[in-house]
Undergrad: 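Input: one structure, supplied below.
Note on naming: letters A, B, ... go to the chains in the order of the sequence lines (proteins, then strands), and numbering restarts at 1 for each one.
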Protein chains: 2
Amino acid sequence: MQTKDLIKGTLNTIILNLLKEHGQMYGYEITQEVKRKTDGKILIREGSLYPALHKLLADGMVMTEEVLVGRRSRIYYKLTSKGHEQTIEQTTELLGFLDTVALLIYPDKKLANG
Amino acid sequence: MQTKDLIKGTLNTIILNLLKEHGQMYGYEITQEVKRKTDGKILIREGSLYPALHKLLADGMVMTEEVLVGRRSRIYYKLTSKGHEQTIEQTTELLGFLDTVALLIYPDKKLANG
DNA sequence: AAAAATACATAGACTGTCGATACATAGACA
DNA sequence: TGTCTATGTATCGACAGTCTATGTATTTTT
């Protein structure tokens, strides 16, 4: 198994949490921030990120603002109020799941709650 | 997002760890044990489990033994030595990933190492 | 001038899990 | 006797999410 198989189901939550932390980010910035924070352990590809962002937009979780930098455009994403709610919900669920998995792997131990 | 999306990439590791703990298990037993241990939070379906077990078998991670109970057959699975190695490897990787995700979600915190 | 980084995007393939379904035995209960 | 539930293995088709590969264009670095 490779890390790429593990990211499934967590990418959305990761993106939402980054947006929550930073206020607003653009796509390329997200890939770099994830790379930086994880010391290159998690690399988010464009082919994963942009479809995910577009879906978040379509679902009303984020809103966008296009900004021209020189002649190149950046599309900033930030959470809607619905997105804020979802962030909390999904994060809670993710942490609960991680805890449950830990239970299965280490019968007598629990991961610390964040 | 639902829990079912999160299980992706972790099912294999969960199965391997259960086999490591129990020595040998049969399919139905695995579904019930996961259900029991997680208070019903994680339900492994037949459509997920058996393909996974068959793949583990094909990959040489587990070996099987068929046992007749009454007139009904049970297929017990247990780890091969290769499977033991993989269990450790995958578990290490999974825990590392969980830790990395936690880093992304809680910038200043780390999950306890099990 | 060439290369690398920045910045967006999509198409197609892959793969893992799920829902539904199937078959059969066993035990409980009406 | 008939039916319901639990036990037990198994497969098929659908679906969704991620990846690889590719594309376009600008900006910065060498």
Undergrad: Could you tell me the separation between the CD1 atom of A/I42 and the P atom of D/dT18, rounded to a whole number of Å?
TA: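 It is 12 Å, rounded to the nearest whole Å.
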Undergrad: Please report, rounded to the nearest Å, how far the C1' atom of C/dA20 is from the CG atom of B/L49.
TA: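 Whole-Å distance recorded here is 17 Å.
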Undergrad: Using the closest heavy atom to pick a nucleotide of DNA chain D for each, name whichever of B/P51 or B/Y28 lands nearer the 5' end.
TA: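 The 5'-side residue here is B/Y28.
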Undergrad: Can you identify which nucleotide, out of D/dT9, C/dA9, D/dT18, has its nearest atom closest to the A/I7 side chain?
TA: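 Of D/dT9, C/dA9, D/dT18, D/dT18 is nearest to the side chain of A/I7.
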Undergrad: Atom CD of A/E46 and atom P of C/dG12: how far apart are they, to the nearest Å?
TA: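 In whole Å, C/dG12 P lies 18 Å from A/E46 CD.
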Undergrad: Can B/E29 and B/R36 be counted as an ion pair, charged N to O under 4.0 angstrom?
TA: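 Salt bridge absent between B/E29 and B/R36.
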Undergrad: Quick one: A/Y50 OH to C/dA7 P, roughly how many Å, whole number?
TA: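 Roughly 9 Å, once rounded to whole Å.
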Undergrad: Indicate every side-chain donor-acceptor pair of residues 65-72 of chain B with a distance under 3.5 Å to a residue at least two apart or in another chain.
TA:
from: B/E66; atom 1: OE2; to: B/S73; atom 2: OG; distance (Å): 3.2

Undergrad: May I ask you to list the residues of residues 64-76 of chain A, by number, that have any heavy atom positioned under 4.0 Å from an atom of DNA chain D?
TA: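 Listed by number, they are A/G70, A/R71, A/R72.
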Undergrad: Considering every strand and a 4.0 Å limit on heavy-atom distances, what is the contact class for A/G27: base, sugar-phosphate, or nothing?
TA: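 The residue A/G27 makes sugar-phosphate contact but no base contact.
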Undergrad: Does A/I88 sit in a hydrophobic cluster with other residues, and if so which ones, taking ILVMFWY side chains as linked at heavy-atom separations under 4.5 Å, directly or through other members?
TA: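 Taking Ile, Leu, Val, Met, Phe, Trp and Tyr as members, A/I88 stands alone, with no cluster partners.
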Undergrad: Take the protein atom CZ of A/R45 and the nucleotide atom P of D/dA21, then report the distance between them rounded to whole Å.
TA: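 Rounded to the whole Å, the gap is 10 Å.
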Undergrad: Report all side-chain donor-acceptor pairs from residues 49-63 of chain A shorter than 3.5 Å, counting only partners two or more places apart or in another chain.
TA:
from: A/H54; atom 1: ND1; to: A/Y50; atom 2: O; distance (Å): 3.4
from: A/K55; atom 1: NZ; to: A/D59; atom 2: OD2; distance (Å): 2.8

Undergrad: Not counting sequence neighbours, which residues clear side chain to side chain donor-acceptor pair (under 3.5 Å) with A/H22? List them please.
TA: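 A/H22: side chain to side chain donor-acceptor pair (under 3.5 Å) contacts with A/E33.
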Undergrad: Looking at D/dT9, I'd like to know if its phosphate oxygens (OP1 or OP2) sit under 4.0 Å from a side-chain N or O belonging to B/H54.
TA: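 No, outside the criterion.
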Undergrad: With nearest nucleotides of DNA chain C determined for A/K8 and A/Y77 from heavy-atom distances, which residue corresponds to the more 5′ nucleotide?
TA: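 In this pair, the answer is A/Y77.
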Undergrad: Between B/Q32 and A/A52, which residue's closest nucleotide on DNA chain D lies nearer the 5′ terminus?
TA: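 On the 5' side of the pair lies B/Q32.
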Undergrad: If you group Ile, Leu, Val, Met, Phe, Trp and Tyr whenever their side-chain heavy atoms sit less than 4.5 Å apart, what else falls in with B/L43?
TA: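 Traced through the cluster, B/L43 reaches no other member.
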Undergrad: State which of C/dA9, C/dA7, D/dG8 makes the closest approach to the side chain of B/Y26.
TA: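 Selected nucleotide: D/dG8.
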Undergrad: Check the distance between C/dT17's C1' and B/I15's CD1 and give it to me in whole angstrom.
TA: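 B/I15 atom CD1 is separated from C/dT17 atom C1' by 11 Å.
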Undergrad: Would B/K37 and B/E21 pass as an ion pair if we require N to O under 4.0 Å?
TA: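 A salt bridge links B/K37 with B/E21.
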Undergrad: Return the value, rounded to whole Å, for the distance between atom CZ of B/R36 and atom P of D/dT7.
TA: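 Answer to the nearest Å: 14 Å.
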Undergrad: Whole-Å distance between C/dA7 P and A/E29 CD?
TA: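 Result: 9 Å.
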